[in-house]
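Before any comments, here is the structure.
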Amino acid sequence: MEILLAILVGLLYASGIYMILRRSLVKLIIGIILLGNGANLLIFLLGRITKGLPPIIPENSKVFLEAYADPVPQALILTAIVISFGLQSFAIILVKRAHKVVRTDDLDEMNATDEDS
Amino acid sequence: MKTIILRTASNYLLPVLLLFSIFILLRGHYLPGGGFVGGLIAAIAFVFHSFANGLKNTKSLLRFHPGFLMPAGLALSFFSGLSPIIFAGDPFMTGLWYHGHVPVLGSVGSALFFDMGVYLVVVGVTLTIIFTISEAP
Amino acid sequence: MISAILLGFLFAILLVFAGKFFKGKFAVLSSLIPLGLFVYFLQFIPEIMEGNVVKESYNWVPSFGVNLGFTLDGLSLLFCLMITGIGFLVFAYTSVYLHHHKYLDRFYGYLSVFMAAMLGLVLSDNVISLFTFWELTSISSFFLIGFNNTQEASRKSALTALGITGLGGMFLLAGVIVLGNITGTFSIAEMLNMSPELIKGHEYYTVAVILLFGAAFTKSAQFPFHFWLPGAMKAPTPVSTYLHSATMVKAGIYLVMRFTPVLGGEEIWNTTLIVVGAVTMLYSAFHSLFRTDLKGVLAYSTISALGILMFLIGMGTTESFTAAAVFIIVHALYKATLFLTTGIIDHQTGTRDVTVLSGLRKVLMPVGIAAIIAAISSAGIPPTIGFLGKELTYEATMHAPIIATLLVVGIVITKILLLWAGFVAGIKPFQGSLPESLKDTKMPGPFMWVPPILLAVLSLVFGIMPFIIEGSLIKPVVSALGGESGEIHLALWHGFNTVFILSLVTIAVGTTLYFVLKPSAKLETAVGKLEAASPKSLMEKFNVGFTYLSSFWTRVFQNGYLRNYVFIIIFFLIGMVGYTMIGNTKFNIDPSILSNVSFYELVVFIIMCIAILFTVFTSSRLSAVVAMGVVGLTICLVFVFYSAPDLAMTQFSIDTLTVILFVLVLYRLPRYLKIQDHKMRIRDGILSLMFGGLIAVLALEVLSEPVNTEIGDFYAENSYIMAHGKNVVNVILVDFRGADTMIEISVLTIAAIGVFGLLKLRLKRTDRVQ
Amino acid sequence: MMQQLIIYPLLFQLFLSIVLMFFWNKINAQKVISIAGSIIAVILSSYVFYYVWENGTQKVNAGNWDAPFGIVFVADTLAVTLVLLTALSGLAVSIFSAGSVIKDRLRFGYFPIFHFLLLGLTGAFLTGDLFNLYVWFEIIIISSFVLITIGGEKAQLEGAVKYFTLNILASTIFLTAIAVLYGLTGSLNMADLAGKVAAVENRGLVEVAAILFLIGFGTKASIFPLYFWLPASYHTPPAAVSAIFGGLLTKVGVYALIRVFTLIFVGDVFLGEILMVLAILTIFSGGVGALVQNNVRKVFSYLIICHIGYMIAGLGMFTEIAITGVIFYLIHDIMVKTNLFMVSGIIFKIKSSNSMRALGGFYANYPKLSLLIFIPLFSLVGIPPLSGFWPKISLIGEGFATENYWTVAAIIFASFITLVIIAKLWAEVFWKDAKEIPEKPKFEYFSDISKARKTQFILPIVFLSLISLYIGFGAEHIQLLSSRIANELMNSQQYIDTVLNNS
């Protein structure tokens with residue numbers, strides 16, 4: 001399964017970048033979201049995956065009795081997911097405003113700030 | 001979307017989901033759940049309510065701007081993180097625990113208040129974003 | 001000494017606040033400062049004559065080995081006296097020249113900063129503090145040249161001058177640092193005490209010499225860096241007098257002299273100086289022939305004189321050092337005089353065009369006397385000190401270490417041309433008949449005409465009585481340069497010898513030339529045609545070319561297309577990571593560490609792949625968003641399979657919210673752009689796949705490394721016992737790594753505020769302009 | 001109690017932000033709280049600085065969990081110096097914001113976000129945990145997104161889209177790097193990682209991780225070829241925002257580079273060479289970019305890039321003296337760049353333009369202000385003895401000593417081109433005759449505002465100029481500080497011991 005997950009991660013990264021490289025504002029956001037998912041999954045994968053053993057101490061016990069999945073990557077991903085949520089919602093609104101103010105969906109037309117004034 | 005059935009359903013759904021979200025929040029220390037998920041569920045509950053009943057109704061139900069929940073939640077989390085410095089001279093974020101067992105919750109400590117802060121912030125943030133978008137032209 | 005240096009700076013600061021006082025009729029009082037300093041430095045003469053040096057040192061930045069160390073020896077003293085003496089006259093002169101000028105106070109401010117910096121420069125023992133003062137002279141010169149800053153030509157000249165001298169400053173900085181690296185000290189005195197072989201045999205010796213030359217040649221306007229100096233004549237005449245003939249341009253000469261005992265004597269040192277000096281003196285002496293602006297003539301003859309000085313120092317003999325020392329004084333006296341008289345002419349008549357000016361002796365007699373004496377000194381006619389200077393120069397050149405004959409020819413030609421230049425500037429305007437237009441010319445106030453007379457008189461006095469300067473100034477300078485001061489004997493009459501014959505030839509040919517060749521506008525335009533190949537225009541072309549390159553480079557990278565930026569960054573990443581991985585890692589994925597694939601997993605995998613591809617390739621926004629939601633949900637399933645219930649819950653709710661958000665916004669967004677550019681798509685596709693592939697391979701590589709779960713285990717063990725929780729992930733979030741969460745909710749808050757502002761804020765007023 | 005002192009600046013900023021949010025609609029109260037709070041922050045940070053200077057590196061285990069298990073905050077001399085500089089810039093910009101940012105913007109949470117940004121910076125400097133650093137970076141970028149878009153003008157939004165995308169990309173790469181490093185070592189604590197990374201056998205993977213960090217942080221530090229977001233966006237928001245960005249945002253990237261390359265990936269020759277090449281190209285790109293710009297703020301933006309090159313070059317050389325130079329330059333640059341963007345703001349306020357072609361006549365009309373502005377401008381050039389000069393001695397000297405002649409050439413080129421650019425700017429803006437610019441009806445000119453607000457414009461510039469002068473003339477102190485920091489960085493064992501020692 002690791003190989004499949006690695007391929008998925010690669011696919012997410014690739015599709016994310018591919019979408020960012022398109023000129024459309026909406027695709028840009030989708031690309032960023034895909035990329036973020038890829039990064040989360042990568043942490044998950046590299047933290048080593050364990051099937052069916054959630055890191056929750058069983059009832060009536062103070063310590064783990066059997067093996068458990070490494071909780072650290074999970075905590076990191078949780079933080080990362082929530083942060084990306086904040087960033088993504090901001091991004092969506094930013095795109096909406098930018099579209100409205102600049103009146104274009106084409107990123108190639110948003111280059112006034114790089115021109116000398 | 002605004003059918004009567006949905007509206008009625010959401011009227012019941014809201015308190016149920018809210019209760020559920022609080023349940024998720026409180027049990028987070030023992031089972032999957034916690035402030036984040038709890039907050040998100042509560043927010044989704046309000047969002048559904050607003051879809052069904054209109055934004056205005058949901059807002060009047062809330063009575064205050066959801067944005068207010070953000071500083072409130074932050075303050076709660078911040079002070080529960082700060083409490084060990086103030087009360088025990090321990091470092092920031094050190095857990096302070098009430099010794100003894102409280103029914104339903106298990107142990108009570110500063111971490112719980114911290115998680116409540118998280119819950120409030122998440123609700124505040126999500127609702128602020130969604131409400132603002134819904135209102136925007 | 002430090003207070004002497006600081007005085008100028010303090011005065012400048014005072015002027016910022018009390019400028020009004022010194023703008024009005026009390027302006028001349030400012031000249032008391034240089035006068036006081038002049039007297040102060042005069043009193044050191046007896047001590048220096050005895051061969052002593054005066055030292056002073058203050059700590060400044062000891063960790064860099066930088067202190068404010070000052071040494072007054074013969075060389076410094078000569079320069080100090082010039083700086084303060086001519087400074088005094090220039091300050092006084094200015095009070096009339098810029099009488100009631102709106103910004104006279106600023107002018108005095110810059111001048112005194114300059115004077116202070118120049119004093120600091122020649123007194124510094126520490127090369128870093130020397131560099132400091134060196135840069136300050138460049139900056140104050142920038143402000144002085146650009147004093148008439150509303151004129152574009154002034155600004156341009158100021159920029160050119162700063163550009164060239166600033167470049168030199170960089171060389172000097174690098175040079176002194178290299179010297180510091182070689183010698184392990186920044187103190188010149190300590191460098192002198194080291195064994196010369198250690199420095200001259202060092203591998204960086206040549207580098208240091210080249211860098212120092214770069215500094216000296218730019219500052220002292222040597223070919224091919226000379227062109228900033230004629231441009232600097234845009235400055236008011238007192239500035240030209242003070243900075244651009246008497247003092248600042250000699251800083252380069254000073255530098256070379258100062259380092260002669262440390263670095264001199266090697267072939268590269270001597271030959272370079274001789275060659276550059278010789279080229280400069282001839283080139284610019286010729287150029288002075290083709291000017292009609294008096295200041296232009298003077299500027300080019302100044303450059304020529306600076307060339308002579310370089311050339312003399314380069315020969316490296318006691319004779320040449322003596323000649324150089326004398327010539328510094330000669331030049332300072334006559335050139336300052338000529339500049340001052342030119343300034344008077346300009347000020348009183350409103351023109352400096354030598355083809356227009358004539359007969360001014362009738363209206364400006366005292367000025368004429370000064371100018372004529374200066375011209376005679378410049379021509380090297382006895383009994384002025386100029387004659388002495390020329391004789392010594394010829395004498396030294398005849399004994400030059402290399403190609404002596406050729407050099408003699410060169411120096412004689414230069415002197416002939418300089419004679420012409422001196423006459424044109426000093427005699428021509430006063431000769432002949434006074435044109436009608438200049439009839440009304442009046443004498444300026446005494447503060448203006450007395451200074452040139454004083455200087456001219458000194459030219460005579462020193463010429464007739466050279467013993468005044470022999471022991472007090474010349475000998476100490478020569479010994480500071482490492483020459484044998486005992487051999488020196490200055491006298492006007494050296495006997496009838498080759499040198500004397502050369503002198504006669506010079507004077508005869510020069511005077512003839514003066515009567516034959518009149519400066520004219522025709523000549524000026526004639527030489528203008530050659531201008532295209534001059535260093536100045538070459539530099540300008542380079543400048544244009546560089547600016548072109550700059551905008552090209554900037555446009556290529558900063559081209560405004562976000563996708564290009566992303567492309568470059570990812571391309572760079574792939575290149576760097578790919579290079580490292582190909583070079584270093586080996587493929588050794590151990591299949592036994594991998595878990596099996598169950599049917600469900602395979603299904604999830606396939607769904608996810610399809611969803612991703614659908615997201616990418618669909619042409620409908622809505623289906624893209626929905627497909628993206630599906631991607632999120634399948635990730636959620638992965639989390640469920642692999643023991644992460646909390647993650648699954650969070651991912652699920654966030655995914656839902658994101659889709660809701662998207663849908664809320666989406667119908668206000670436009671349809672997808674239909675941009676079909678196949679080449680671009682293929683290019684981007686290849687790049688993306690390479691990137692994805694790289695990450696996938698990297699992931700597998702990492703997975704085949706041994707695993708360390710120390711931290712997770714600690715959390716698991718202590719989760720309940722210490723932190724009273726059983727859901728370890730949650731305990732990590734609220735306790736073990738609670739700080740992360742604290743910040744994370746802040747991030748959310750900020751994002752919400754941002755969204756709120758973006759959607760609600762409409763500016764009524766603006767502090768930007770669209 | 002005493003030992004926890006070091007995170008007080010951090011907690012205090014968070015406290016300030018929360019308090020400011022409660023005063024959402026009361027702008028005047030926000031101004032007062034922000035300025036007063038910034039003053040307190042300066043005092044706190046100074047005290048922390050003093051404490052660490054006297055007692056050496058300090059740490060706090062957040063949650064009282066021993067390192068490497070919990071998140072640890074470490075205050076070594078570098079961290080507290082940067083915290084202090086952040087507080088100083090923060091104070092200046094806070095005052096400047098009160099005067100210069102218009103009410104409409106202030107009403108939408110400018111001040112809380114501003115303090116969140118300062119919080120992020122302070123946290124990033126203090127944290128000893130890699131993932132925690134990521135989170136601090138996120139708070140920095142999200143607050144900078146909000147600040148850069150606040151007001152939502154066209155140029156702002158256009159710039160923000162690029163700024164946003166490239167910064168998110170950098171964060172993702174940073175996260176990827178963390179994933180790789182965690183996968184290799186199972187640790188996130190930087191001190192702990194130092195040892196664990198050294199023990200990893202597959203050096204190739206370590207190198208890859210290092211390069212990922214280089215690209216992630218390099219984008220934030222705006223080095224070549226990752227800097228594009230900076231010139232595209234820094235001139236678009238209000239000057240106060242640019243000031244805090246220009247002073248600190250890229251520097252936090254530099255800080256992160258310094259930290260990981262002196263602590264975790266130590267002494268890698270290949271990386272050193274890459275850094276050196278990138279530094280040269282960064283210097284060149286920034287220099288030539290600044291040369292051809294006409295907008296004052298864009299000139300400063302490109303100069304930021306150019307001067308980042310110095311620091312990267314010094315880091316590439318990786319000797320104690322070179323690092324000393326880097327730190328000295330860092331200190332100088334934070335103060336000067338913050339100041340210069342405020343200067344651009346005051347120029348804009350006076351003339352409603354930042355175009356050099358349109359500007360002019362400042363020296364004639366505002367002589368004293370011009371002389372004041374002269375200080376940061378020429379400090380930037382590094383005219384000795386102003387502050388930018390000193391670190392060059394270390395950098396050029398080490399360049400020769402380590403035989404990196406191209407780097408030396410690049411540093412000299414940068415100094416020269418900065419001189420030319422600033423002189424040109426001076427000639428255009430200050431010397432040239434004032435031009436008539438049509439009055440903008442919706443614009444509030446400097447001449448129209450009250451004296452108190454004028455003070456709010458000028459006071460911070462004076463304040464930072466004085467600090468710059470101090471850095472220049474009191475170079476000995478800064479040099480002592482920098483060399484102590486460099487020494488600590490080069491002998492990271494002491495840092496590691498402090499963090500991992502849980503007595």
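Chain naming here is simple, since letters A, B, ... match the order of the sequence lines and numbering starts at 1 in each.
- Both the backbone and the side chain of C:S746 have a heavy atom closer than 4.5 Å to some heavy atom of chain B.
- Residue B:V118 touches chain C through both its backbone and its side chain, counting heavy-atom pairs closer than 4.5 Å.
- Contacts of B:I24 with chain C are made by side-chain atoms alone, with heavy-atom separations under 4.5 Å and no backbone atom involved.
- The number of heavy-atom neighbours closer than 6.0 Å to CZ of C:F599, taken from other residues, nucleotides and ligands shown, is 12 or below.
- Counting non-hydrogen atoms of other residues, nucleotides and ligands closer than 6.0 Å to CZ of B:F68 gives a total of 12 or fewer.
- Note that CD1 of C:I753 and OG1 of B:T128 are 9.0 Å apart. Values are rounded to the nearest 0.5 Å.
- Among all heavy-atom pairs drawn from C:L661 and B:I129, the shortest one is CD2-CG2, 3.8 Å.
- Heavy atoms closer than 4.5 Å to chain C are found in both the backbone and the side chain of B:F78.
- Contact of B:S110 with chain C is not made at all, since no heavy-atom distance falls under 4.5 Å.
- The CD1 atom of B:I44 sits 4.5 Å away from atom CG of C:L657, with the distance rounded to the nearest 0.5 Å.
- Listed here is the closest heavy atom pair of C:V755 and B:T132: O-CG2, 4.5 Å.
- The distance from atom CG of B:L112 to atom CG of C:D735, rounded to the nearest 0.5 Å, is 12.0 Å.
- In this structure, B:F131 CZ and C:L664 CG are separated by 11.0 Å, a value rounded to the nearest 0.5 Å.
- Contact tally against chain B (heavy-atom pairs below 4.5 Å) for C:L748, C:T741, C:V734: the top residue is C:V734.
- By the 4.5 Å heavy-atom criterion applied to side chains, C:N727 and B:L31 are not counted as neighbours.
- Within the 4.5 angstrom heavy-atom criterion, atoms from both the backbone and the side chain of C:V731 approach chain B.
- The neighbour count for B:F113 CZ, taken as heavy atoms of other residues, nucleotides or ligands under 6.0 Å away, does not exceed 12.
- Looking only at side-chain heavy atoms (C-beta outward), C:F652 and B:L40 stay at 4.5 Å or farther from each other.
- Counting heavy atoms from C-beta outward, B:L74 and C:M742 have side chains that approach closer than 4.5 Å.
- Across all non-hydrogen atoms, the minimal contact from C:N730 to B:G33 is ND2-O, 3.5 Å.
- Between the CE atom in B:M70 and the CZ atom in C:F756 there is a gap of 8.5 Å [rounded to 0.5 Å].
- Within the 4.5 angstrom heavy-atom criterion, only side-chain atoms of C:I660, from C-beta onward, approach chain B.
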